Amino acid sequence: MTPTAAAVPQAAEPVPAVVLTGLTKQFGRFAALRNVSAEFAEGKLYVILGENGAGKSTMLRAIAGLLRPTNGSVSVFGAQYGGLDSGRWILGQLGYMAHPSLLYDEMSAMENLIYSARLHGIDDEARCSDAIRLVGLDPALNRPVGQYSQGMRQRTSLARALLHDPRLLLLDEPFSNVDVASARGMVQLLSHMRDAGKTIFVVTHQARLLAQAADEFVWIHSGNIESRVTTLDLELVQ
Amino acid sequence: MNPIPFLYAAYIVTWVIHGVFILTLVTRYRKADRELRDFQKK
Amino acid sequence: MKTPVLIAIAVVVALLAFGLYQGLVVAPTEQTMGDVQRIFYYHVPSAWTGILLFTANFFASIWYLFRRTTVSDSIAVTTAEVGLVFWTIVLITGPIWARPVWGIWWTWDARLTSTLVLWLIYVSYLIVRRFSSGGQTAVLAAALAVFGFADVPFVYLSIWYFRTQHPQPVIGGGGKLDPAMWHAVLYNWLAFIAFALVLCWFRYQLERKQRDVEETLALESLLEGSPR
Amino acid sequence: MRAGSVKDGAMSTTPTATTAAMAVPRAPATEKAIAPAPKVLFATLMKDLRLEWRSKDAINSMVFFALLVVVVFSFSFDPTGDDARRIAGGLIWVAFLFAAVVALGQTWAREIRNQVLDAYRVSTAPANDLFLAKALGNFLFVTVLEVVMTPLFVVFYNLRVIGPAYLLPVVAVLGTWALVVNGTFFAAISLRTRSREVMLPLILFPISIPALLGMVEATKIVLTGESSAKFWIVLLAVYDLVFTTVCLTLFETVLDAE
């Protein structure tokens with residue numbers, strides 16, 4: 001299945017948010033990503049679809065700089081990983097959320113976010129309470145995250161990813177076991193952020209939720225981009 | 001106590017150890033080879 | 001591919017035989033210790049070869065940390081394992097030498113003790129390689145190899161000083177060595193290096209074969225559709 | 001737009017000032033990316049200490065373990081008079097080593113249980129600050145154990161220091177750091193191996209032998225006042241320097257070894 005040419009009209013001059021060139025990731029002989037080359041413009045909401053093991057999460061982790069490509073390269077806002085300090089500059093620009101919620105169960109949402117802010121060199125605790133309110137939680141809640149419902153944990157994790165106001169958001173299965181109302185709320189929040197200029201990638205099996213909100217649907221099949229469409233063909237989605 | 005047997009013991013021990021190592025190389029190689037052939041057959 | 005290997009083996013066997021001949025026959029008998037001193041011609045060259053191999057392991061690990069090539073990792077494990085074989089010989093021939101000369105199997109002699117500590121370090125290195133899971137083995141082992149090698153000067157320094165505090169009988173090494181003796185040591189060392197190279201070559205082939213098996217195994221489990 | 005009331009469940013969807021605040025500030029976003037070093041180190045250390053203080057289960061069990069080690073050692077070795085001073089150095093440090101290894105094994109337990117290591121790798125926080133924060137945390141932890149154990153040793157072996165007693169804390173600090181810096185690093189390595197608990201001492205002990213020798217000999221010399229412990233103290237200091245550098249150069253590689 002050769003990747004069809006991107007039908008989406010490219011945004012002309014501004015630097016694309018993410019550029020993948022010949023991105024390959026080999027785990028032993030198994031190629032999780034096979035020579036992926038693509039450009040993603042800034043300020044768009046991309047939904048990444050495909051069956052298990054197609055390479056969705058691997059691609060997201062590669063963009064987040066969490067795994068070292070076997071060859072090819074990933075560049076974010078024009079900077080490339082692996083450069084002397086460019087990798088660190090990129091990390092300042094991106095927020096990542098994945099299945100393990102990257103939160104300490106023994107600490108409350110607020111404490112987790114304050115600590116995560118410190119990691120990004122931010123002392124301003126107002127930012128943390130704003131982020132928590134944004135995802136619909138109460139900053140004053142001091143129960144430890146370990147006692148939260150799965151939906152609340154996901155939203156706290158989303159708040160953690162949004163905290164340092166990243167230009168690029170990478171969300172891996174953000175809606176998994178989240179109630180429909182909360183999920184819809186998150187979708188609205190993401191589309192607001194996309195309107196505000198952020199670039200968002202969402203890997204999910206619940207693409208139906210984003211049918212209207214997303215700008216582009218990227219189908220991944222056995223390690224490469226199979227197709228990129230702007231409207232979701234509902235039959236294809238489970 | 002005649003020291004000469006210790007001399008021969010040292011030389012023999014050296015080659016015993018080398019021999020055992022070579023033996024492990026051969027057995028490990030054969031085992032890996034067999035496993036690989038099983039996969040190719042499957 | 002087979003014939004050059006056979007030639008190499010023949011050369012190595014010849015060198016080893018020549019070294020043995022030098023050690024047992026040509027080299028003069030040492031006045032004080034008598035013929036048992038000839039253990040020296042196997043004990044010391046084995047140690048020097050071991051040190052060479054551990055140094056090679058160190059540089060292969062550094063090379064891996066920078067380039068992450070599987071070749072460098074395979075060389076690291078090969079040189080460590082073959083190095084440990086030579087080092088085990090040093091560790092065992094030492095007491096065999098001490099027994100007739102001093103009547104005791106083990107003495108906390110500076111060199112014997114350092115040999116033991118180094119042996120422990122590289123055994124723990126190989127155990128970590130076997131226990132670590134899949135992809136990360138190489139990086140963890142490479143980092144550990146750097147630690148192990150950085151420790152060598154401290155091992156020798158601390159144990160040397162520890163020994164000067166409480167002097168114990170010192171193994172061989174004393175007295176002026178007759179040039180013919182030096183020849184025996186050097187010939188044997190040359191033979192051992194050649195032998196080590198051939199061993200490394202075989203161990204390297206084994207490593208490549210085992211990696212093929214591992215990868216086929218990984219591919220096998222993938223194709224059965226078990227979710228990644 | 002549905003006015004979401006801010007209660008536990010509902011999602012706040014009103015485009016309030018907060019969403020505007022989250023609008024992408026075009027210019028300033030790039031400068032603040034790099035986190036200033038000490039802040040991260042201090043924050044991580046404080047976080048660990050706070051969580052440790054909150055649960056206190058680790059510290060209690062560790063202190064009790066240290067007591068057990070001292071008592072068991074005192075039973076199995078019952079020297080009197082001058083012998084006590086000669087071998088006390090060895091006993092104390094081996095006891096400290098046991099307590100330290102059990103504490104070091106817990107270094108990354110919380111990070112692994114919560115699977116948060118990726119959080120560090122995705123943030124701009126330099127990996128070495130994480131390492132130093134963990135190493136310092138361990139250093140404080142093991143020092144607490146030592147402070148608890150030492151008086152017991154003095155009592156059980158009725159030790160009197162003949163040599164320059166002020167050197168003992170110096171040896172203790174240098175020695176503990178030598179164990180802790182390598183221990184924290186090897187704990188990170190052994191995370192990714194099977195039978196994790198066995199792996200840490202198995203890697204740490206051989207490489208720490210020169211440092212252990214230094215600690216034991218220096219303590220014995222100070223206790224018996226026979227000669228000068230200068231050589232061992234210098235050796236420990238150089239050992240600490242070399243291995244702290246090696247740890248700081250290699251930690252990021254090990255952290256990122258996915």
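A note on names: the letters A, B, ... follow the listed sequences, proteins ahead of strands, and every chain is numbered from 1. As the structure is a prediction and not an experimental result, all values here were calculated from the model.
A heavy-atom distance below 4.5 Å is found between the side chains of C:V82 and B:F21. Side-chain atoms of B:R28 and C:R203, non-hydrogen and from C-beta on, do get closer than 4.5 Å to each other. When side chains are defined from C-beta on, B:F6 does not count as touching C:T93, because their heavy atoms never get closer than 4.5 Å. No side-chain heavy atom of B:V13 sits under 4.5 Å from any side-chain heavy atom of C:I89.
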Start with the C-alpha distance between C:D35 and B:I4, add both sets of side-chain angles, then the distance that settles side chain to side chain contact (heavy atoms under 4.5 Å, CB included), and finish with yes or no.
CA-CA 7 Å; C:D35 277 326; B:I4 294 308; 3.4 Å; yes
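For C:L206, the parts sitting under 4.5 Å from any heavy atom of chain B are the backbone and the side chain alike.
To the nearest 0.5 Å, atom OG1 of residue B:T14 and atom CG of residue C:L16 are 11.0 Å apart. Between the NZ atom of C:K209 and the NZ atom of B:K31 there is a distance of 13.0 Å, given to the nearest 0.5 Å. Taken to the nearest 0.5 Å, the CD atom of C:Q205 stands 6.5 Å off from the OH atom of B:Y29. To the nearest 0.5 angstrom, C:Y41 atom OH is 10.5 Å from B:L7 atom CG. The distance from atom CG of B:L25 to atom CG of C:L199, rounded to the nearest 0.5 Å, is 7.0 Å.
Shown are C:Y42, C:F86, C:F202; of these, the ring pair (Phe, Tyr, Trp, His ring centres under 6.0 Å) with B:H18 is made only by C:F86.
Other residues, nucleotides and ligands contribute at most 12 non-hydrogen atoms within 6.0 Å of the OH atom of C:Y21. More than 12 heavy atoms of other shown residues, nucleotides or ligands fall within 6.0 angstrom of atom OH in C:Y204.
The minimum heavy-atom distance linking B:A32 with C:V213 is given by the pair O-CG2, 3.4 Å.
In summary, the aromatic rings of B:Y11 and C:W97 are positioned with their centroids too far apart to meet the 6.0 Å limit.
Contact tally against chain B (heavy-atom pairs below 4.5 Å) for C:I92, C:T88, C:L20, C:L24: the top residue is C:L24.
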